[in-house]
A.B. asks: 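What follows is a single structure, and I will ask about it in a moment.
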There are 2 protein chains.
Amino acid sequence: MDPHLLRTFVAVAECGSFSAAAARLGYTQSAVSQHIAALEHDLGTPLLHRRPVVPTPSGERLLEHAGPILLRLDAARADVRRTIADPPGALTIAASPLAASHLAIALREVRRSRPGTEVALTVCGRAAVTEGVAAGEFDLGLVDGIAAPSDPLRLSDAGSLRTTAVAHEPLVLALPKDHPLARRRGLALHDLANARWIDAPDLAAPLSTLRTAAGSDAFRPALTYTGTDLHSLLTLVAAGHGLAVLPQSAASAGIAAVPVTTPRLVHRIELLHGHLTEPAATALASVLSGESDDE
Amino acid sequence: MDPHLLRTFVAVAECGSFSAAAARLGYTQSAVSQHIAALEHDLGTPLLHRRPVVPTPSGERLLEHAGPILLRLDAARADVRRTIADPPGALTIAASPLAASHLAIALREVRRSRPGTEVALTVCGRAAVTEGVAAGEFDLGLVDGIAAPSDPLRLSDAGSLRTTAVAHEPLVLALPKDHPLARRRGLALHDLANARWIDAPDLAAPLSTLRTAAGSDAFRPALTYTGTDLHSLLTLVAAGHGLAVLPQSAASAGIAAVPVTTPRLVHRIELLHGHLTEPAATALASVLSGESDDE
DNA sequence: GGCTATTACGGAAATCGTAACCATG
DNA sequence: CATGGTTACGATTTCCGTAATAGCC
């Protein structure tokens with residue numbers, strides 16, 4: 001299972017086409033075909049249906065592993081290269097949108113403990129944060145997600161990463177102010193399984209997470225929102241296009257926010273780091289989780 | 001970074017010798033030398049000192065990644081092959097020694113929910129359990145370890161595994177009955193940093209774990225015990241050969257057991273599964289963590 | 001018939017073993 | 001000088017591109 005073969009396999013699965021994957025990888029269709037054939041021969045089973053190109057059950061299984069493996073391979077290379085490169089001037093920090101509120105605190109701590117350090121900030125989707133930190137593209141990451149009160153976040157590819165909890169916050173259901181449920185003091189998620197949901201996986205709680213949390217197959221999106229702008233999502237909710245689950249602090253004036261009481265879930269922010277020295281990271285984490293809202 | 005190269009790299013690092021690694025892998029010394037040279041060329045830095053053969057700092061870094069990567073590769077292959085093999089007759093369960101107390105409960109639940117299923121049980125070291133489950137050798141694993149009260153276990157290679165907490169229990173220090181500390185009601189770990197310790201990494205809390213938990217470089221073993229037999233470890237402790245940290249329930253008549261109060265740590269048992277359907281696993285986990293001591 | 005995957009084939013490159021070579025203890 | 005890692009070199013295999021072939025809308 002050569003990583004090259006795995007890489008073309010995921011490319012083909014993503015593109016849904018041998019030729020498109022070939023173009024993306026700089027191979028010929030023939031080479032891609034040979035790669036897939038080699039993988040299928042090696043594993044002794046078809047991995048893709050052709051025409052249309054869709055993974056078989058075995059292929060699905062392999063796909064689940066391939067991404068993390070390739071990511072970890074990159075992380076290993078980045079990690080080794082870092083030991084030979086001279087220490088970078090800039091410290092890079094990435095955060096998912098709903099974790100970005102902690103960026104300012106993190107930044108202040110960095111300025112205090114390492115004055116003069118050049119800092120680069122990035123806000124991007126959760127996957128991009130974890131992958132970037134794993135691959136050494138960022139030094140630090142702040143990701144948010146939902147989890148049971150004292151459980152860690154189920155980060156997809158956190159294989160080589162250290163994580164530290166940084167903040168917890170109640171979850172609320174965001175809904176239009178005139179919604180029948182808007183006056184409720186609290187509600188159970190699974191009563192809303194068949195409501196109109198907006199899936200904003202890069203921003204709010206992804207519906208797939210709600211499904212696993214609620215142990216239900218419902219929570220199907222009426223609308224999918226790709227983007228990281230909180231304000232526009234809230235506008236969509238206010239206009240009645242659907243519901244979303246958010247951390248309490250993300251709610252704003254235009255919408256109603258009702259606490260989600262069942263199941264017991266919280267919005268959680270974690271600090272990720274792949275290679276920072278342990279003391280530096282824990283110092284930062286303690287500042288992030290403490291109330292350093294002085295000045 | 002071909003997996004073959006990584007595999008020979010870890011083999012060389014473990015053997016401390018090119019030729020020994022070659023013998024182990026069925027290559028010639030020459031091939032091994034070429035593998036290492038290729039890796040070093042690819043990463044642009046020496047990975048091993050020669051004569052004696054010891055990893056460089058870069059090599060250390062790579063080693064940290066190589067094991068999990070190779071394991072995950074095996075797990076992927078096993079996972080795919082499972083989708084094409086007909087469903088196995090027997091359900092295989094592995095447990096580390098101090099988690100084995102829960103085997104009986106797990107077994108009862110399996111017998112109840114899937115009557116007639118053939119079950120195979122194995123008790124082995126923690127690493128063997130996690131690696132075996134990851135590689136698909138076992139369907140289920142029960143591992144124990146120590147962690148902060150509601151933290152997950154820091155499992156080395158749990159990349160592709162789901163984990164569920166199953167049991168918590170106080171930690172005690174096992175010491176001879178006539179030891180000066182034997183009458184204490186509780187004690188702080190770091191006061192004991194320089195005591196005579198027995199390291200029994202496959203059985204009790206490994207000293208390396210204590211070191212990270214206590215943030216200390218002390219806790220050096222006066223004696224290392226390789227094996228999984230609780231009784232013989234307790235005999236060693238009773239005879240005054242050294243101390244060990246155990247879950248409360250593992251203590252027995254022959255020794256004194258004093259609760260470890262600082263830092264706040266518990267003995268924890270987790271259920272691992274790599275590929276079982278989620279409902280089946282959570283059902284099992286809930287039975288394991290509940291008090292199902294009826295009948 | 002157009003689009004796309006597969007197969008056939010040839011040249012380039014990589015892989016591994018034999019054997020000669022060197023360095024260290 | 002002996003043990004053990006490195007280098008040289010050649011046979012074998014693998015890999016990838018071109019081009020011809022075959023299967024599905």
Side-chain angles (χ1 to χ4, degrees), chain A residues 1-60 62-63 66 69-70 73 76-77 80, chain B residues 1-60 62-63 66 69-70 73-74 76-77 80 84:
Chain A
M1 289 209 307
D2 188 316
H4 293 117
L5 304 189
L6 286 181
R7 182 157 274 133
T8 82
F9 174 63
V10 315
V12 170
E14 281 175 8
C15 296
S17 149
F18 282 50
S19 21
R24 185 163 116 188
L25 298 170
Y27 287 127
T28 61
Q29 302 96 320
S30 166
V32 169
S33 183
Q34 292 176 53
H35 278 190
I36 302 299
L39 255 185
E40 293 183 328
H41 175 81
D42 178 28
L43 294 172
T45 181
L47 298 169
L48 293 167
H49 295 293
R50 319 297 152 97
R51 232 183 276 275
V53 173
V54 177
T56 63
S58 302
E60 299 270 14
L62 184 60
L63 268 181
I69 288 172
L70 294 173
L73 239 9
R77 158 168 269 112
V80 169
Chain B
M1 291 210 304
D2 187 317
H4 293 116
L5 304 188
L6 286 181
R7 184 157 272 134
T8 82
F9 174 64
V10 315
V12 171
E14 282 175 8
C15 296
S17 151
F18 282 49
S19 20
R24 186 162 114 187
L25 298 171
Y27 286 127
T28 65
Q29 302 98 318
S30 168
V32 169
S33 183
Q34 292 176 52
H35 278 191
I36 302 299
L39 254 185
E40 293 183 328
H41 175 80
D42 177 28
L43 294 172
T45 182
L47 298 170
L48 294 167
H49 295 294
R50 320 294 152 99
R51 232 183 268 274
V53 173
V54 177
T56 63
S58 301
E60 299 270 13
L62 184 59
L63 269 181
I69 289 172
L70 294 172
L73 240 8
D74 288 345
R77 159 169 269 111
V80 169
I84 53 177

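Within every chain, numbering begins at 1; the chains are lettered A, B, ... in the order of the sequence lines, protein sequences first and strands thereafter. Computed from heavy atoms alone, side chains included, the values below leave out hydrogens, waters and symmetry copies. Treat the numbers as computed from the prediction; the structure is a model and nothing was measured.
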A.B. asks: Would you say the base of D:dG5 and the side-chain of B:Gln34 have a donor-acceptor pair closer than 3.5 Å?
C.D. replies: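 Side chain to base: no pair below 3.5 Å.
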A.B. asks: Below 3.5 Å, does any donor atom in the side chain of A:Ser30 face an acceptor in the base of C:dT7, or the other way round?
C.D. replies: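 Yes.
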A.B. asks: Side chains of B:Val80 and A:Ser58: does their closest heavy-atom pair fall under 4.5 Å?
C.D. replies: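 A side-chain contact under 4.5 Å exists here.
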A.B. asks: From CD1 of A:Ile36 over to P of C:dT4, roughly how many Å is that when rounded to an integer?
C.D. replies: 17 Å
A.B. asks: Could you state the atom-to-atom distance from CZ of A:Arg7 to C1' of D:dC15 in whole Å?
C.D. replies: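 Value for this atom pair: 17 Å.
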A.B. asks: Separation of B:Arg50 atom CZ from C:dG25 atom P, in whole Å?
C.D. replies: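 Taking atom P of C:dG25 as the reference, CZ of B:Arg50 is at 14 Å.
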A.B. asks: For A:Pro52 and A:Ala38, find the nucleotide of DNA chain D closest to each by heavy atoms; which residue's nucleotide sits nearer the 5' end?
C.D. replies: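 Its nearest nucleotide being more 5', the pick is A:Ala38.
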A.B. asks: Write down the distance between NE2 (B:His49) and P (D:dT6), rounded to a whole number of angstrom.
C.D. replies: 13 Å
A.B. asks: Roughly how far, to the nearest 0.5 Å, is the CG atom of A:Leu48 from the CZ atom of A:Phe18?
C.D. replies: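 Those atoms lie 5.5 Å apart.
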A.B. asks: Picking from D:dT6, D:dT3, C:dT7, which would you name as closest to the side chain of B:Gln29?
C.D. replies: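 Nearest to the side-chain atoms of B:Gln29, counting from C-beta on, is D:dT6.
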A.B. asks: Mind calculating the distance between CZ (A:Phe18) and P (C:dT7) to the nearest angstrom?
C.D. replies: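 Rounded to whole Å, this separation is 11 Å.
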A.B. asks: Specify the separation, in whole Å, of atom CG of B:Leu25 and atom C1' of C:dG17.
C.D. replies: 15 Å
A.B. asks: Between atom OH in A:Tyr27 and atom P in C:dT4, what is the gap in whole Å?
C.D. replies: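 Whole-Å distance recorded here is 21 Å.
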A.B. asks: Flag the pair B:Arg50 and B:Glu40 as a salt bridge only when some basic side-chain nitrogen lies within less than 4.0 angstrom of an acidic carboxylate oxygen.
C.D. replies: yes
A.B. asks: Is a side-chain donor-acceptor pair under 3.5 Å present for A:Gln34 with A:Ser30?
C.D. replies: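 Yes - a donor-acceptor pair under 3.5 Å links their side chains.
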A.B. asks: How close or far is atom C1' of C:dA5 from atom CD of A:Glu40, stated in whole angstroms?
C.D. replies: 12 Å
A.B. asks: Taking B:Asp42 first and then A:Arg77, would you say they form a salt bridge - that is, a charged N and a carboxylate O separated by under 4.0 Å?
C.D. replies: yes
A.B. asks: Decide yes or no, distance alone: a donor-acceptor N/O pair under 3.5 angstrom between the base of C:dT18 and the side-chain of B:Thr28.
C.D. replies: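 Counting by modelled atom types and ignoring angles, no donor-acceptor contact under 3.5 Å is found here.
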A.B. asks: Return the nearest nucleotide to the side chain of B:His35; candidates are D:dG5, C:dC16, D:dG17.
C.D. replies: C:dC16
